[in-house]
A.B. asks: 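Okay, here's the structure, questions in a sec.
Since we're looking at a predicted model, the values are computed, not measured.
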2 protein chains.
Amino acid sequence: MQRPTIADIARRAGVSKGAVSFALNGRPGVSEATRARILRVAEEINWRPHSAARALGGARADAVGLVIARPARTLGVEPFFARLLSGLQAEFSSQSIALHLMIVEDTRAEIEIYRSWVSERRVDGLVLIDLKVRDPRIAVVEQLKIPAVVVGGPGRHGRVSSVWADDRAAMLSAVEYLAVLGHTRIAHVSGLPEFQHTQRRSRALRDAATRLKLPRARSLHTDFSDAQGAAATRKLLAGAGRPTAIIYDSDLMAVAGLGVALEMGVAVPHELSIISFDDSVLAQLTHPSLTALSRDTYRFGVQAAQAMTAVLADPTKTKNHKTETPRLITRESTSPTRN
Amino acid sequence: MQRPTIADIARRAGVSKGAVSFALNGRPGVSEATRARILRVAEEINWRPHSAARALGGARADAVGLVIARPARTLGVEPFFARLLSGLQAEFSSQSIALHLMIVEDTRAEIEIYRSWVSERRVDGLVLIDLKVRDPRIAVVEQLKIPAVVVGGPGRHGRVSSVWADDRAAMLSAVEYLAVLGHTRIAHVSGLPEFQHTQRRSRALRDAATRLKLPRARSLHTDFSDAQGAAATRKLLAGAGRPTAIIYDSDLMAVAGLGVALEMGVAVPHELSIISFDDSVLAQLTHPSLTALSRDTYRFGVQAAQAMTAVLADPTKTKNHKTETPRLITRESTSPTRN
DNA sequence: CGGCAATGATAAACCGGTCTAGTGAACGGA
DNA sequence: TCCGTTCACTAGACCGGTTTATCATTGCCG
């Protein structure tokens, strides 16, 4: 038989299509005996729902959309995305929800994709990452009236849930640690300045610097690429009164920075301490290995997916979920200052 | 108005639903004047196709499926997947084809996903990666009668297209290069032995060793993780008559191996040359930087996607597309042997 | 025992497209 | 002038589910 349908089940079980639909979806309207019989027949002929037919009736598409708007070049290297993706996946697939993925150039394109996915009813919800300051996507998502979860920015997004980590506390812990080690000239090689998490980190550094009376704490912005990470490091190390410690917003940039220090004959950690604001094998493989702010990115993905399924189940119940704060894992790239 | 449908267009344009369908799909049956009028109305009311409704009529889902069956742990780090994904994406999105992505634990689960996606008509085609020796997925895909493209294994898969690189030639070029530098004891830290590309590389090494009369050329299998890459390196360097050159199947393992060499006081490249069978920023960031077999993985993804769209357009026309052979990029991790 | 509600089931409408059979008009050739 | 063909378009079935209106039974209560 070519692809069994509920009509086939109905015929074989001697009931109507409607009864089959009720039985298969676990809703009232059929007796337990009939339900069991229908389920048995469905099993027998190996019936599977036709997702399109379901979606047509206005029902769910059983899919969630994720659009990543970063240049492919940086994307390929960042371990962050792949791990986040794995986590999202794990949770979604346990709920039989598929992930629609798209990689685009910019936010304009991203918004366009959102519009078409929603109007084509391809997805039931959207996962937004890399939240920007005054992010235009929030308004679009609200206007489209589709459940959404923002990954990486704290709450207050109206009907949109959010899942985020306390970057501020993490940055403060790193700066305090460096201060205890005697560092006073601390620099920060950050990511794109329009990202909210970048701003939170830069601000935390400034605040800590003021409180701890550290001069010249400054943030240099980059596009997250290893090239710009290296360039920023070169600039920092070449100037007068160069920093004795640098905090990088990603492990990739930290590794690139470490390379520059080696090139320039600056000893790590004796002359320069390095902290990576993201941990992965990368940070552990280098020599010296990198002290890092570590968190379970996979788990972060799982939590984001859970927030998504929660808001899918009840769109009125959005939540603002703060996850584990990245913990400082000390390795070989940090040490007390010499004096 | 709540979500315009073709019925709305038909009403406003004063024609039938059928005419609208013909006009929107660029097929004969309407005059140019009417077609233009219909398109204008569709534009006006901002109509978008309802993908589910289309798919229901047996038409295309405009989506392609990709299932990755590797442990999340290794996945997160390999730059390879992210770059391949970007390439696939770029091509698919230019054709307005969405990508259905799923990450699973093993091939059994992968096959199960294929079955449900196909029977739920979620995808029009499948992209298979990490081809194994006597891969059970080939038979499943043929049985499901769904267009498919195999990434990474050469042809002869019946109705399935394939896109692959000449691992053998690449391995031979690396071994010959090492031989010219005077190396005779060459080892290979490979990936999972059940993968076809692993086997092709191992066999190429054996053949080259025989031809060039190199003793002890051997392959050590790993699971692609940095941990096993490091372990294999340790084993190789600890033994008597240790190799003077090691070829790693991925840049991640090469970096891990480099770390082990440093730990054990084996100088690279003076006492040990290292070649990575995969290139990325990772290989360039280390010190010394790694000589690598490089290819444009992004482009590889694009080509795979093109093979997919070709076979979607005409399922009878499968092709066996050999892509660019990885070229050896020499960097600092290889040098002539000392004697 | 009559009336009413709850239960189990059915038939048919519906979702938004695609596609086929059919219709009417215009046109061309003999 | 008449028939056959082509063209432009329409009406309606159809895809595979969900959902609603309806109906027959049964059970309960006063």
Side-chain angles (χ1 to χ4, degrees), chain A residues 1-39 41-42 45-63 96 116-124, chain B residues 1-39 41-42 45-63 96 116-124:
Chain A
M1 185 185 338
Q2 198 68 336
R3 191 196 160 71
T5 72
I6 59 165
D8 298 319
I9 301 179
R11 201 173 327 111
R12 289 174 76 125
V15 293
S16 68
K17 271 172 63 183
V20 174
S21 179
F22 290 143
L24 292 171
N25 291 293
R27 26 175 67 240
V30 281
S31 65
E32 275 316 308
T34 310
R35 182 187 305 276
R37 183 157 44 92
I38 289 172
L39 289 177
V41 173
I45 65 176
N46 194 27
W47 174 88
R48 309 275 192 127
H50 191 307
S51 66
R54 278 217 168 120
L56 188 52
R60 299 175 40 165
D62 282 326
S96 296
S116 52
W117 277 356
V118 170
S119 71
E120 293 175 17
R121 295 272 196 288
R122 277 182 186 281
V123 297
D124 302 317
Chain B
M1 182 183 340
Q2 199 67 335
R3 192 197 158 70
T5 71
I6 57 165
D8 297 319
I9 302 179
R11 201 172 328 110
R12 289 175 75 126
V15 293
S16 69
K17 273 171 60 183
V20 174
S21 179
F22 289 144
L24 292 171
N25 291 294
R27 27 174 67 241
V30 281
S31 65
E32 274 317 308
T34 310
R35 183 187 304 277
R37 182 157 43 94
I38 290 172
L39 290 178
V41 173
I45 64 176
N46 194 27
W47 173 87
R48 309 274 193 127
H50 191 307
S51 64
R54 278 215 168 122
L56 188 51
R60 299 175 40 164
D62 281 328
S96 296
S116 51
W117 278 356
V118 170
S119 70
E120 294 175 16
R121 295 274 197 285
R122 277 182 185 281
V123 298
D124 301 318

A.B. asks: Could you tell me which non-hydrogen atom of Lys17(B) sits nearest to which non-hydrogen atom of Ala7(B), and how far apart they are?
C.D. replies: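 Shortest heavy-atom contact: CG-CA, 4.1 Å.
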A.B. asks: Check the phosphate of dG17(C) against Trp47(B), side-chain N and O only, distance under 4.0 Å to OP1 or OP2. Yes or no?
C.D. replies: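 Yes.
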A.B. asks: Return a single string for nucleotides 19-27 of chain C, one symbol per nucleotide in 5' to 3' order, where B is base contact, S is sugar-phosphate-only contact and - is none, cutoff 4.0 angstrom on heavy atoms.
C.D. replies: BB-------
A.B. asks: Under the rule for side chain to side chain donor-acceptor pair (under 3.5 Å), what residues qualify as partners of Ser31(A), not counting sequence neighbours?
C.D. replies: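 Thr34(A).
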A.B. asks: Five pairs per end, C1' atoms only: what is the angle between the end axes of the helix from dC1(C)-dG30(D) to dA30(C)-dT1(D), to 10 degrees?
C.D. replies: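 Roughly 50° between the end axes, to the nearest 10°.
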A.B. asks: Given dT10(C), is OP1 or OP2 found less than 4.0 Å from the side-chain N or O atoms of Ser16(A)?
C.D. replies: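 Checking dT10(C) against Ser16(A), a side-chain N or O does come within under 4.0 Å of OP1 or OP2.
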A.B. asks: Evaluate the side chain to side chain contact (heavy atoms under 4.5 Å, CB included) criterion for residues Asn25(A) and Arg54(A): first the C-alpha distance (whole Å), next the side-chain angles of each, then the deciding distance (0.1 Å), finally the verdict.
C.D. replies: CA-CA 12 Å; Asn25(A) 291 293; Arg54(A) 278 217 168 120; 3.5 Å; yes
A.B. asks: What are the 5'-most and 3'-most nucleotides of DNA chain D lying under 4.0 Å from any heavy atom of chain B?
C.D. replies: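 First-to-last contact on DNA chain D, by the 4.0 Å heavy-atom rule, is dA8(D) to dG16(D).
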A.B. asks: Quick one, which residues of residues 28-37 of chain A touch DNA chain C with a heavy atom under 4.0 Å?
C.D. replies: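 Hits under 4.0 Å, by residue number: Gly29(A), Val30(A), Ser31(A), Thr34(A).
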A.B. asks: Show the nearest heavy-atom pair for residues Ala23(B) and Leu39(B), with the distance to one decimal.
C.D. replies: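 Nearest heavy atoms, Ala23(B) then Leu39(B): O-CD2, 4.3 Å.
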A.B. asks: With sequence neighbours left out, what residues match Ala52(A) under side chain to side chain contact (heavy atoms under 4.5 Å, CB included)?
C.D. replies: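 Listed in chain order: His50(A), Ala52(B), Ala55(B).
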A.B. asks: Between atom CZ of Arg11(B) and atom CD1 of Ile45(B), what is the distance when rounded to the nearest 0.5 Å?
C.D. replies: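 Rounded to the nearest 0.5 Å, the CZ-CD1 separation comes out at 8.5 Å.
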A.B. asks: Test: salt bridge (Lys or Arg N to Asp or Glu O under 4.0 Å). Region: residues 21-32 of chain A. Which pairs qualify, not counting sequence neighbours?
C.D. replies: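 Residue pairs passing salt bridge (Lys or Arg N to Asp or Glu O under 4.0 Å), neighbours aside: Glu32(A)-Arg35(A).
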A.B. asks: Nearest 0.5 Å, please: how far is CG in Leu56(B) from OG in Ser51(B)?
C.D. replies: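 With rounding to 0.5 Å, OG (Ser51(B)) is 11.0 Å from CG (Leu56(B)).
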A.B. asks: Using modelled atom types and a 3.5 Å cut-off, is there a donor and acceptor pairing between side-chain atoms of Arg37(A) and backbone atoms of Ala13(A)?
C.D. replies: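 Here the side-chain-to-backbone pair exists.
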A.B. asks: Taking only residues two or more places apart in sequence, or in another chain, which ones meet Ala42(A) in a side chain to side chain contact (heavy atoms under 4.5 Å, CB included)?
C.D. replies: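 Only Ile9(A), Leu24(A), Trp47(A) meet the side chain to side chain contact (heavy atoms under 4.5 Å, CB included) criterion with Ala42(A).
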A.B. asks: Kindly give the heavy-atom pair with the smallest separation between Val15(A) and Ala19(A), and that separation in Å.
C.D. replies: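 Reported closest heavy-atom pair: CB-CB, 4.1 Å.
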A.B. asks: Give one of base, sugar-phosphate or nothing for Val15(B), where a contact means two heavy atoms less than 4.0 Å apart.
C.D. replies: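 Contact class for Val15(B): sugar-phosphate only.
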A.B. asks: Starting at atom CD1 of Ile6(A), determine the distance to atom P of dA12(C), rounded to an integer number of angstrom.
C.D. replies: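 So the two atoms are 16 Å apart, to the nearest Å.
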A.B. asks: Rounded to the nearest Å, what distance is computed from the CZ atom of residue Arg122(A) to the P atom of nucleotide dG17(C)?
C.D. replies: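 To the nearest whole Å, that distance equals 13 Å.
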A.B. asks: Among residues 48-56 of chain B, which contact DNA chain D at a heavy-atom distance under 4.0 Å?
C.D. replies: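 Result for residues 48-56 of chain B: Leu56(B), sorted by number.
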A.B. asks: Side chain to side chain donor-acceptor pair (under 3.5 Å) with Ser116(B): which residues, sequence neighbours excluded?
C.D. replies: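 Counting only residues at least two positions away or on another chain, Ser116(B) forms no side chain to side chain donor-acceptor pair (under 3.5 Å).
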